[in-house]
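Structure, as structure tokens:
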Protein chains: 2
Amino acid sequence: MEYGITRAVAEALDTADPLAGYRERFVVTDPGLIYLDGNSLGRLPAATRDHLREVVEVGWGDGLVRSWQEWIDWGARLGDRLAEHVLGARRGEVVVSDSTSVNLFKLAGAALDEVADRRTVLMDAEDFPTNRYVVQGLTQQRGLRLRRLGSDLDGGLDLDRLRTALDRDVALVVLSLVSYRSGALQDMARVNEMARSVGARVLWDLSHAAGAVPVELAAAGTDLAVGCTYKYLNGGPGAPAYLYVRRELQERLRQPIWGWYGQREQFAMRPDYDPVDTVERFLVSTPPLLSLAAIEPGLDLVEQAGMAEIRAKGLLLGRLAVDLAESWLVPLGFRLASPRTPERRGSHVSLYHPDAWQICQTLAAEAKVVCDYRVPDRLRIGPSPLYTRFTEIWDAMDRVREVVARGGHRSRPSGLARVT
Amino acid sequence: MEYGITRAVAEALDTADPLAGYRERFVVTDPGLIYLDGNSLGRLPAATRDHLREVVEVGWGDGLVRSWQEWIDWGARLGDRLAEHVLGARRGEVVVSDSTSVNLFKLAGAALDEVADRRTVLMDAEDFPTNRYVVQGLTQQRGLRLRRLGSDLDGGLDLDRLRTALDRDVALVVLSLVSYRSGALQDMARVNEMARSVGARVLWDLSHAAGAVPVELAAAGTDLAVGCTYKYLNGGPGAPAYLYVRRELQERLRQPIWGWYGQREQFAMRPDYDPVDTVERFLVSTPPLLSLAAIEPGLDLVEQAGMAEIRAKGLLLGRLAVDLAESWLVPLGFRLASPRTPERRGSHVSLYHPDAWQICQTLAAEAKVVCDYRVPDRLRIGPSPLYTRFTEIWDAMDRVREVVARGGHRSRPSGLARVT
């Protein structure tokens, strides 16, 4: 008989789960598939399917161009909902638009153009690639110095290292609230305070945090943030991103892409760019409306469940995954590649294994477990509290154990995943 | 008895129309509504409704993150189809991504960063607002001189004026192939040649041309272009835009937004930005997939009908609208605000009237005619050859005549349209 965390423990957690009912609000075509990649692309809410049909057939098909009277404010309207229910910000501080990369470009550009006398930008050398590249481009174009701070791959950027690097030449710090690889959760308020003490701004990427951990932008004194909607917010593949600018800063910052959606009385089509004073000055142009519309039903679910309940379940899911990994997988060559303390992680857990890529492929092909891989040797387990069951975590870890114990992954070629 | 173009003439044109069958490939919920705003938002193709359902329910709902293996190349794949069938370019020269404004920012930025010794950018003072604002921002940020050339509101930019302004200080000319207001069609090859003779580049906006007139980027010797997919290409509200970079230039140009979708071996996630040599170096990040997917069925229709047939019908539709306007509407205070010669126009026709805004509102509210308005006093009539009937043009002009003759628009307040 097995000693330790039996499947009955996971079953009991499912029974007691106050969010258990949310799973049926999602389209689950294959109940046997264990989907642990909600940190990459969240599942399809059933209501999204219906809402999109309505927007396509009634809004576009029947309403035609007239529907823009209603659609034109959706970026701001969804931004307000995100602000109030997900990001801990005020109405009028968040707007949905463009991609995370383009929003990062806009806000980092705006922050850099605001200060003329500071020449340094700091970032985490292990931040998500597009963030690193976008900031590299911006600093190179402006002749600024980019300092990439060495980071603990499994634990995130060390704050002592950041403190040492922060001086009065720093214009901007770009950081992810939750690391895409390790899941390490930063202390937002503390970083903001450290930066503020030397007069630098911080631009946060919330992509792996929003919808997984309660984000409190106002309480943490955050100036600038961006993030995506297709992970824990279940907004659909490549759904438009959002950006946040603290109200008091909006009028002072001007972003580099002067599109007409930021223009005062846009349809007056005046000769010179003259942006509105509100957060909409960070908009550029006509949003991809179908992808934008798909965000809304996922937001309904997050709002109804509440971020506190979502986080509480996320902590338990993560704890179960880590406990099982330590019992079953560490003896097989795995190592935890995330902070050990649940409160220091977002919703995903990273496991190191030299054959992580082959294991990931084998799990999908032979064990009906979809998780993901990140270079160089990390398996990411991304439960999403709204639809992941505790028994799925238990079964998935059991199948990882089974596959690796029998060497089922050894015949697969090594290579690179092509998955966002 | 009426003398001149009777309704029977329009009926005969419909009967003889080789594209007549395409209308039923679109969703038409209200056959009594005359929709003449295809220059703003094209109608919903019936196949798009089904394709989107498939992408949402099967691709996202069932395939989940695994579908990115297929989706990730769609921007390039749709770009190739546009290149071959719509834009007269070669495969590997067009990619679908972002919005027209963001693409304009990327390509204009790339062109300006390529040359250090030229300090002037030329554009049409009457170009579409977002183009003007984006270029204004780019030149201001780089300390360059922006010269906005005065333009004939009804006839487009005069080429003699452009020739006079072109000198060896000009780095870039930004122009629309078809003017959004007057519908005036520029001579692309001639402008390219004029600019080339002084060593300047031209960046074309094809938004109001693509899908309405055959665009021959290669034959015209075009270097750079951008455009949207939601007008005559019927790609859906805010559908992603495209960009074109002539193959020989791709390796030399580097755009300002260094996103990871332009990166060589993107999933290797290396420290430094190192873009691919192909047109995909002008990509930034994860595309809004649902809006991207919606483009495809509209492209099928354009390819099947063929740009030559589409243009032939577009010329006739425009001629009919202009002839009727001159017979019926000029006596009521209208004036043609587009080139008189059909070949010098795109697919839409612009009519001046001091009460254009009120007339536009009255037509929609009382006469079941949807066309659109542009400041300061223009009514745009935008037939789309794939679904507009000749009798619709006849009926619409008849209703305009009826509304204005009885002064039906006089009780409406003046104001600004909020329609893209």
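Below, chains carry the letters A, B, ... as their sequence lines are ordered, and counting in each starts from 1. When reading the values below, keep in mind they use all heavy atoms of this one structure, side chains included, and skip hydrogens, waters and symmetry mates.
- When the candidates B:Gly235, B:Ala294, B:Gly61 are compared by the number of heavy-atom contacts under 4.5 Å with chain A, B:Gly61 comes out ahead.
- With a threshold of 4.5 angstrom between heavy atoms, A:Gln255 does not approach chain B through any atom at all.
- Residues B:Gln141 and A:Asp113 meet the side-chain proximity criterion, which asks for heavy atoms closer than 4.5 Å.
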Contacts under 3.5 angstrom, residues 101-110 of chain B side chains, donor-acceptor by atom type, not counting sequence neighbours:
| residue | atom | partner | partner atom | Å |
| --- | --- | --- | --- | --- |
| B:Ser101 | OG | B:Thr130 | OG1 | 2.8 |
| B:Asn103 | OD1 | B:Ser97 | OG | 3.2 |
| B:Asn103 | OD1 | B:Lys106 | NZ | 3.1 |
| B:Asn103 | ND2 | B:Ser97 | O | 2.8 |
| B:Asn103 | ND2 | B:Ser99 | O | 3.4 |
| B:Asn103 | ND2 | B:Tyr242 | O | 3.4 |
| B:Lys106 | NZ | B:Ser97 | OG | 3.3 |
| B:Lys106 | NZ | B:Asp98 | OD2 | 2.7 |
| B:Lys106 | NZ | B:Phe282 | O | 2.7 |

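- Of all heavy-atom pairs between B:Val375 and A:Phe267, the closest is CG1-O, 3.6 Å.
- With a 4.5 angstrom heavy-atom cutoff, A:Gln263 touches chain B only via side-chain atoms.
- If you measure heavy-atom distances from B:Leu52 to chain A, the contacts under 4.5 Å come from the side chain alone.
- For A:Asn234, the part lying near chain B is the backbone, with the side chain staying farther off; criterion is any non-hydrogen pair under 4.5 Å.
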For a side chain to side chain contact (heavy atoms under 4.5 Å, CB included) check, start with the C-alpha distance between A:Ile257 and B:Ile257, then their side-chain angles and the critical distance, and finish with the verdict. CA-CA 11 Å; A:Ile257 313 178; B:Ile257 312 178; 4.0 Å; yes
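- At a 4.5 Å heavy-atom cutoff, A:Ser67 makes no contact with chain B through either its backbone or its side chain.
- Proximity to chain A is absent for every atom of B:Leu292, based on heavy atoms less than 4.5 angstrom apart.
- The residue among B:Ala293, B:Pro256, B:Pro240, B:Ala125 with the most heavy atom pairs within less than 4.5 Å of chain A is B:Pro256.
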What's the verdict on side chain to side chain contact (heavy atoms under 4.5 Å, CB included) for B:Asp372 and A:Val65, showing C-alpha distance, side-chain angles and the deciding distance? CA-CA 9 Å; B:Asp372 78 6; A:Val65 74; 5.9 Å; no
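- Across B:Leu33, B:Val58, B:Leu64, the residue that shares the most heavy-atom pairs under 4.5 angstrom with chain A is B:Leu64.
- Applying the salt bridge (Lys or Arg N to Asp or Glu O under 4.0 Å) rule to pairs touching residues 280-289 of chain A yields A:Asp277-A:Arg281, sequence neighbours excluded.
- Residues B:Leu44 and A:Val56 are in side-chain contact: their nearest non-hydrogen atoms beyond the backbone lie under 4.5 Å apart.
- Looking at B:Val370, the atoms closer than 4.5 Å to chain A (heavy atoms on both sides) all sit in the side chain, from C-beta outward.
- With chain A as the partner, the residue from B:Gly236, B:Ala241, B:Ala364 showing the most heavy-atom pairs under 4.5 Å is B:Gly236.
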Does the pair B:Trp60 and A:Val27 meet the rule for a side chain to side chain contact (heavy atoms under 4.5 Å, CB included), with working shown? CA-CA 10 Å; B:Trp60 176 11; A:Val27 171; over 6 Å; no
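- Salt bridge present: B:Asp272 and A:Arg148 bring a charged side-chain N and a carboxylate O closer than 4.0 Å.
- Residues B:Leu290 and A:Pro237 form a side-chain contact, since some pair of their non-hydrogen atoms from C-beta on lies under 4.5 Å apart.
- Heavy-atom pairs under 4.5 Å with chain B were tallied for A:Gly262, A:Pro287, A:Cys228, A:Gly38; the largest tally goes to A:Pro287.
- Looking at B:Tyr273, its side chain never comes within 3.5 Å of a backbone N or O of A:Pro129 through a donor-acceptor pair.
- Side-chain N or O atoms of B:Trp258 include none that pairs as donor or acceptor with a backbone N or O of A:Leu138 at under 3.5 Å.
- Ion pairing between a basic and an acidic side chain is recognised when a charged N comes within 4.0 Å of a carboxylate O; B:Arg43 and A:Asp62 show no such pairing.
- Taking the six-membered ring for Trp and thresholds of 30 and 60 degrees, B:Phe128 and A:Trp260 have ring planes more than 60 degrees apart, a perpendicular arrangement.
- For the pair A:Arg270 and B:Arg132, the minimum side-chain heavy-atom distance is 4.5 Å or more.
- Taking 4.5 Å as the limit, every side-chain heavy atom of A:Met269 sits out of range of all side-chain heavy atoms of B:Arg181.
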